[in-house]
Undergrad: 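I have a structure here, written as structure tokens, and I will follow up with some questions on it.
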Amino acid sequence: MSPSPQTPPLSQSSPSSVPSSPTLISPSLLPSSQQPPDSATHEQPSSRASLLTMMPLPRNNSAPWFNASKPKSIGRFFDDLELAFERAGITDDALRKQLTFHYVPIEVEDLWRVLPEASVASQASFDEFKTAVIALYPEYTFRQQFSLTDLKRVVHEWQGRDIDNPDDYGRFYRSFFAIAGVLRQKGWFLPGQEGRLFYAALASSKVQQVVHNQLDCLRFESNGDFVLTRERMDEAVLSMFTANAKDYLK
């Protein structure tokens, strides 16, 4: 009786009987032309669409909007717009420029699109585009270009008024400080000049006498080494109103 044929072990089976596993290739080993795109460095269309959904709808109450009738607000408009871009994660300059036109009136868009920096082909950055737009509104550029003449005009205007309540004093103080603050930053005041102008504006006011009396006390306490400043006079006026304005102004 002949022996039955034996089944060969797996290790001796034909290579074709068991399919081999494919060899895995690390993307880093591929030629650069065959490497898959890096999602961290290449913005995908889907991610771009999701970024756009993060921007506020134009004319929405929370959306930036440029009011052409108030050209001095152009700086605030771009501040609000760039904040919206930052929140939405939009950093591409070309996309930022194109989105800007959605937040301005049609006639403003027509004007801004004439600028060479507005064209995508120009390769201009968003900051260069913004600078070119702001240059169209000199009212904004020169909104704080004050002089001593402007401050003296405010002083002359208030010299004829009787400031006897916090509301009037507040209006005077803001109109004075809006100009004086700029002049001080530029170093245009002579020593004590700002204080003298502030005091002169109160010439026809009952408040001035109260301030004068308090300042005399300060001069006495400082042995004459005393400089009349806006801050000291403001402090004197506020303390007067805080105590009881009616008692001082009778």
Undergrad: Checking F198 now: which residues fulfil ring pair (Phe, Tyr, Trp, His ring centres under 6.0 Å) with it, not counting sequence neighbours?
TA: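 F198: ring pair (Phe, Tyr, Trp, His ring centres under 6.0 Å) contacts with F172, F176.
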Undergrad: With sequence neighbours excluded, tell me which residues meet ring pair (Phe, Tyr, Trp, His ring centres under 6.0 Å) with F189.
TA: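 Expected list: none.
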Undergrad: Would you call R230-E194 a salt bridge at under 4.0 Å N-O?
TA: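 Salt bridge between R230 and E194, a charged N being under 4.0 Å from a carboxylate O: yes.
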Undergrad: Could you go through L238 and Y169, starting from their C-alpha distance and side-chain angles, then the distance that decides it, and tell me whether this counts as side-chain contact (heavy atoms from CB on, under 4.5 Å)?
TA: CA-CA 9 Å; L238 293 180; Y169 177 73; 4.2 Å; yes
Undergrad: Please, which pairs that meet side chain to side chain donor-acceptor pair (under 3.5 Å) have at least one residue in residues 106-116, sequence neighbours excluded?
TA: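 Counting only pairs at least two positions apart or across chains, the side chain to side chain donor-acceptor pair (under 3.5 Å) contacts touching residues 106-116 are E109-R113, W112-Y137.
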Undergrad: Only counting residues at least two apart or in another chain, list the ones meeting side chain to side chain donor-acceptor pair (under 3.5 Å) with Q98.
TA: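 Testing Q98 for side chain to side chain donor-acceptor pair (under 3.5 Å), a comparison that skips the adjacent residues, returns none.
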Undergrad: Between Q193 (side chain only) and L190 (backbone N and O only), is there a donor and an acceptor less than 3.5 Å apart?
TA: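 Looks like yes, one N/O pair under 3.5 Å.
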Undergrad: Would V120 end up clustered with F101 when hydrophobic side chains under 4.5 Å apart are linked, directly or stepwise?
TA: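 Each belongs to a different hydrophobic cluster.
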Undergrad: Measuring from N67:CG to K70:NZ, what's the distance to the nearest 0.5 Å?
TA: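 Here the interatomic distance stands at 5.5 Å.
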Undergrad: Is there a continuous path of hydrophobic side-chain contacts, each under 4.5 Å between heavy atoms, that joins M54 to L99?
TA: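 Different hydrophobic clusters.
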Undergrad: Taking atom CG of N60 and atom OH of Y103, what is their separation to the nearest 0.5 Å?
TA: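 Going from CG on N60 over to OH on Y103, the span is 9.0 Å.
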Undergrad: Just by modelled atom types, is the A236 backbone N or O under 3.5 Å from a matching donor or acceptor in the S239 side chain?
TA: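 Yes; at least one donor-acceptor contact below 3.5 Å.
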Undergrad: Can you name the residues that form a side chain to side chain donor-acceptor pair (under 3.5 Å) with D93, not counting sequence neighbours?
TA: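 Partners of D93 by the side chain to side chain donor-acceptor pair (under 3.5 Å) criterion come out as none, since no residue qualifies.
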Undergrad: Would a 4.5 Å heavy-atom cut-off, applied to side chains only, mark L115 and L136 as touching?
TA: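 They are in side-chain contact.
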Undergrad: Can you name the residues that form a salt bridge (charged side-chain N to carboxylate O under 4.0 Å, His left out) with D234, not counting sequence neighbours?
TA: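 In terms of salt bridge (charged side-chain N to carboxylate O under 4.0 Å, His left out), with neighbours along the sequence ignored, D234 is linked to no residue.
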Undergrad: If you look only at distance, which donor and acceptor atoms sit under 3.5 Å apart when one is on a side chain in residues 76-87 and the other is two or more places apart or in another chain?
TA:
| residue | atom | partner | partner atom | Å |
| --- | --- | --- | --- | --- |
| E82 | OE1 | K130 | NZ | 2.9 |

Undergrad: Run the side chain to side chain donor-acceptor pair (under 3.5 Å) test against R196 and tell me which residues pass, sequence neighbours left out.
TA: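 Side chain to side chain donor-acceptor pair (under 3.5 Å) check on R196 returns nothing, list empty.
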Undergrad: If I take atom CG from residue L197 and atom CD1 from residue I179, how far apart are they, to the nearest 0.5 angstrom?
TA: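 Between L197 CG and I179 CD1, I get 11.0 Å after rounding to 0.5 Å.
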Undergrad: Rounded at 0.5 Å granularity, tell me how far OH in Y140 sits from OG in S73.
TA: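 The OG atom of S73 is 10.0 Å from OH of Y140, to the nearest 0.5 Å.
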Undergrad: For residues A135 and P138, report the shortest heavy-atom separation together with the two atoms involved.
TA: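 Taking A135 first and P138 second, the nearest heavy atoms are O-CD, 4.2 Å.
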Undergrad: Can a donor-acceptor pair be found, under 3.5 Å and without considering hydrogens, that links the side chain of T229 to the backbone of G195?
TA: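 Not at all, since once roles are kept as given, no pair shorter than 3.5 Å links the two residues.
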Undergrad: Mind listing the closest non-hydrogen atom pair of F66 and V104 along with its distance?
TA: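 Shortest heavy-atom contact: CB-CG1, 4.0 Å.
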Undergrad: Once you round to the nearest 0.5 Å, how far does CH2 of W158 lie from CD1 of I163?
TA: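 Between W158 CH2 and I163 CD1, I get 5.5 Å after rounding to 0.5 Å.
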Undergrad: Before you tell me yes or no, could you show the steps for D168 and R171 under side-chain contact (heavy atoms from CB on, under 4.5 Å), namely the whole-Å CA-CA distance, both residues' side-chain angles and the distance that decides it to 0.1 Å?
TA: CA-CA 5 Å; D168 287 342; R171 283 190 287 270; 2.4 Å; yes
Undergrad: Determine which pairs satisfy salt bridge (charged side-chain N to carboxylate O under 4.0 Å, His left out) with at least one residue from residues 59-68, sequence neighbours left out, and list them in order.
TA: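 Salt bridge (charged side-chain N to carboxylate O under 4.0 Å, His left out) check on residues 59-68 returns no pairs.
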Undergrad: So, using side chain to side chain donor-acceptor pair (under 3.5 Å) as the criterion, who are the partners of E231 when residues are at least two apart?
TA: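 With sequence neighbours excluded, E231 shows a side chain to side chain donor-acceptor pair (under 3.5 Å) to R184, given in chain and number order.
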Undergrad: Going by heavy atoms in the side chains, are P56 and S62 under 4.5 Å from each other?
TA: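 Answer yes - side chains close enough.
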Undergrad: What is the distance from atom CG of L151 to atom OG of S175, rounded to the nearest 0.5 Å?
TA: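 That separation rounds to 9.0 Å.
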Undergrad: Which pairs, with at least one residue in residues 95-104 and sequence neighbours excluded, count as a salt bridge (charged side-chain N to carboxylate O under 4.0 Å, His left out)?
TA: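 Applying salt bridge (charged side-chain N to carboxylate O under 4.0 Å, His left out) to every pair that reaches into residues 95-104, excluding sequence neighbours, yields nothing.
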Undergrad: If you define the side chain from C-beta out and look only at heavy atoms, does anything of T100 sit under 4.5 Å from F129?
TA: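 Yes - at least one pair of side-chain heavy atoms lies under 4.5 Å apart.
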Undergrad: Which pair of non-hydrogen atoms, one from V108 and one from A68, has the smallest distance, and what is that distance?
TA: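 Shortest heavy-atom separation between V108 and A68 comes out as CG2-CB, 3.7 Å.
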Undergrad: Do H156 and R153 pass the side-chain contact (heavy atoms from CB on, under 4.5 Å) test, and can you show the C-alpha distance, the side-chain angles, and the key distance before you say yes or no?
TA: CA-CA 5 Å; H156 179 73; R153 186 179 300 113; 5.8 Å; no
Undergrad: What pairs of residues pass the salt bridge (charged side-chain N to carboxylate O under 4.0 Å, His left out) test when at least one of them lies in residues 115-129, not counting sequence neighbours?
TA: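 The answer is none; no pair qualifies.
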